[in-house]
Amino acid sequence: MSPRHLILLALLPALAATAAETPERQRPVGAAQAVNITHTLRQIPEACARLEGTFTGDAAQPYRFVVARTSEQCQPRAKFVEFDKAQPSEAKGWKLNDVIRVPSAACPAQQAVVRVWRLPVEQKPQLDGQGQSRIYLEEAKKQAAAGQIAKIPMFAAQMTVEGKTCP
């Protein structure tokens with residue numbers, strides 16, 4: 001068996017796992033994007049984040065991907081974390097939320113693929129006697145000092161470039 005076949009055999013389990021993952025959101029392949037034009041891939045309002053990408057035209061790094069804050073005034077109800085630190089997987093409770101595919105207008109055989117993962121958290125607000133959810137400052141400070149801050153949902157994203165490189 002040639003070394004190329006051995007590499008392909010080694011990659012099969014990873015490819016099968018990726019193919020078996022079905023995202024929570026289904027979407028068609030995006031519109032082809034031109035080189036050096038930044039485009040929005042998706043907004044995540046609860047994390048005050050916008051996913052942006054740019055085809056660079058550089059063979060070494062064909063696509064640049066960033067997570068941008070939507071507004072300084074936005075108060076996040078979820079946190080966006082680095083993919084490498086979080087290492088999301090279904091075994092850890094994460095859910096594949098979205099797979100965004102964007103082809104390059106300059107090189108149709110190449111596309112950027114962004115996988116967005118979500119770690120859901122059960123957030124059941126406590127209601128008072130009037131049926132309202134209220135947060136009292138002194139009580140919240142005491143809980144924070146005791147390390148009893150409620151968990152919030154998290155998001156992480158991973159970008160890959162798939163397909164053939166163009167000259």
Side-chain angles (χ1 to χ4, degrees), residues 13-34 36-56 61-105 111-162:
L15 293 173
T18 302
E21 298 169 340
T22 303
E24 295 174 315
R25 297 180 66 166
Q26 300 294 319
R27 70 171 66 224
V29 174
Q33 298 293 321
N36 293 325
I37 303 295
T38 299
H39 49 274
T40 298
L41 298 164
R42 177 178 167 188
Q43 293 212 26
I44 303 176
E46 57 266 44
C48 300
R50 178 178 58 249
L51 307 181
E52 297 178 339
T54 308
F55 281 100
T56 63
Q61 184 187 8
Y63 194 76
R64 186 174 41 248
F65 167 74
V66 295
V67 178
R69 185 163 170 90
T70 55
S71 166
E72 289 301 318
Q73 288 78 30
C74 183
Q75 298 296 316
R77 298 178 313 276
K79 186 176 180 181
F80 211 95
V81 296
E82 288 183 37
F83 183 86
D84 292 336
K85 283 186 180 180
Q87 296 181 343
S89 69
E90 290 185 2
K92 293 181 180 179
W94 289 79
K95 298 194 180 294
L96 181 60
N97 180 253
D98 201 357
V99 177
I100 305 163
R101 297 179 182 280
V102 182
S104 169
Q111 66 180 352
V113 180
V114 177
R115 287 178 174 79
V116 180
W117 290 81
R118 179 178 69 86
L119 180 63
V121 172
E122 182 68 33
Q123 291 181 314
K124 193 172 185 180
Q126 293 182 346
L127 304 179
D128 65 9
Q130 296 176 341
Q132 299 293 317
S133 173
R134 302 178 198 270
I135 298 173
Y136 297 97
L137 183 59
E138 290 304 317
E139 197 175 300
K141 284 181 180 179
K142 287 177 187 175
Q143 288 176 343
Q148 298 174 338
I149 298 175
K151 292 184 178 183
I152 61 172
M154 290 192 280
F155 287 87
Q158 177 189 36
M159 187 278 302
T160 58
V161 177
E162 296 178 359

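This one's a predicted model, so the numbers in the text were calculated from it and none came from an experiment.
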List the residues meeting ring-ring contact (aromatic ring centres under 6.0 Å, His included) with F155, not counting sequence neighbours, and say none if there are none.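 With neighbours one apart ignored, the set is empty.
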
Please identify each residue that fulfils ring-ring contact (aromatic ring centres under 6.0 Å, His included) with F80, with sequence neighbours left out.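 Expected list: none.
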
If you count every heavy atom of other residues, nucleotides or ligands that lies below 6.0 Å from E24 atom CD, does the total exceed 12? yes

Would you name the heavy atoms of [X] and [Y] that are closest together and state the gap between them?
X	Y	result
T40	Q43	CG2-CG, 4.2 Å
A156	P88	CB-CG, 4.3 Å
A86	W94	CB-CZ2, 3.8 Å
A49	V67	CB-CG1, 3.8 Å
R50	E52	NE-OE2, 2.7 Å
R118	P120	NH1-CB, 3.1 Å

Verdict with reasoning, V116 to I44, per side-chain contact (heavy atoms from CB on, under 4.5 Å): CA-CA 10 Å; V116 180; I44 303 176; 4.2 Å; yes

Tell me whether [X] contacts the main-chain N or O of [Y] through its side chain, where contact means a donor paired with an acceptor under 3.5 Å.
X	Y	result
K92	Q87	yes
Q33	A31	yes
T56	P62	yes

Which distance, rounded to the nearest 0.5 Å, do you find between the [atom1] of [X] and the [atom2] of [Y]?
X	Y	atom1	atom2	value
K95	T22	NZ	OG1	12.0 Å
M159	I100	CE	CD1	12.0 Å
Q111	Y63	CD	OH	11.0 Å
L96	R25	CG	CZ	12.0 Å
D98	R42	CG	CZ	4.5 Å
N97	R115	CG	CZ	13.5 Å

Pair V121, I152 - check side-chain contact (heavy atoms from CB on, under 4.5 Å), show working. CA-CA 6 Å; V121 172; I152 61 172; 5.9 Å; no

List the residues meeting side chain to side chain donor-acceptor pair (under 3.5 Å) with Q130, not counting sequence neighbours, and say none if there are none.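 By the side chain to side chain donor-acceptor pair (under 3.5 Å) rule, Q130 matches R134.
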
Do P103 and V29 have side chains that get closer than 4.5 Å, going by heavy atoms? yes

With side-chain contact (heavy atoms from CB on, under 4.5 Å) as the criterion, how do E162 and T160 come out once you've worked through the C-alpha distance, each side chain's angles and the decisive distance to 0.1 Å? CA-CA 6 Å; E162 296 178 359; T160 58; 3.9 Å; yes

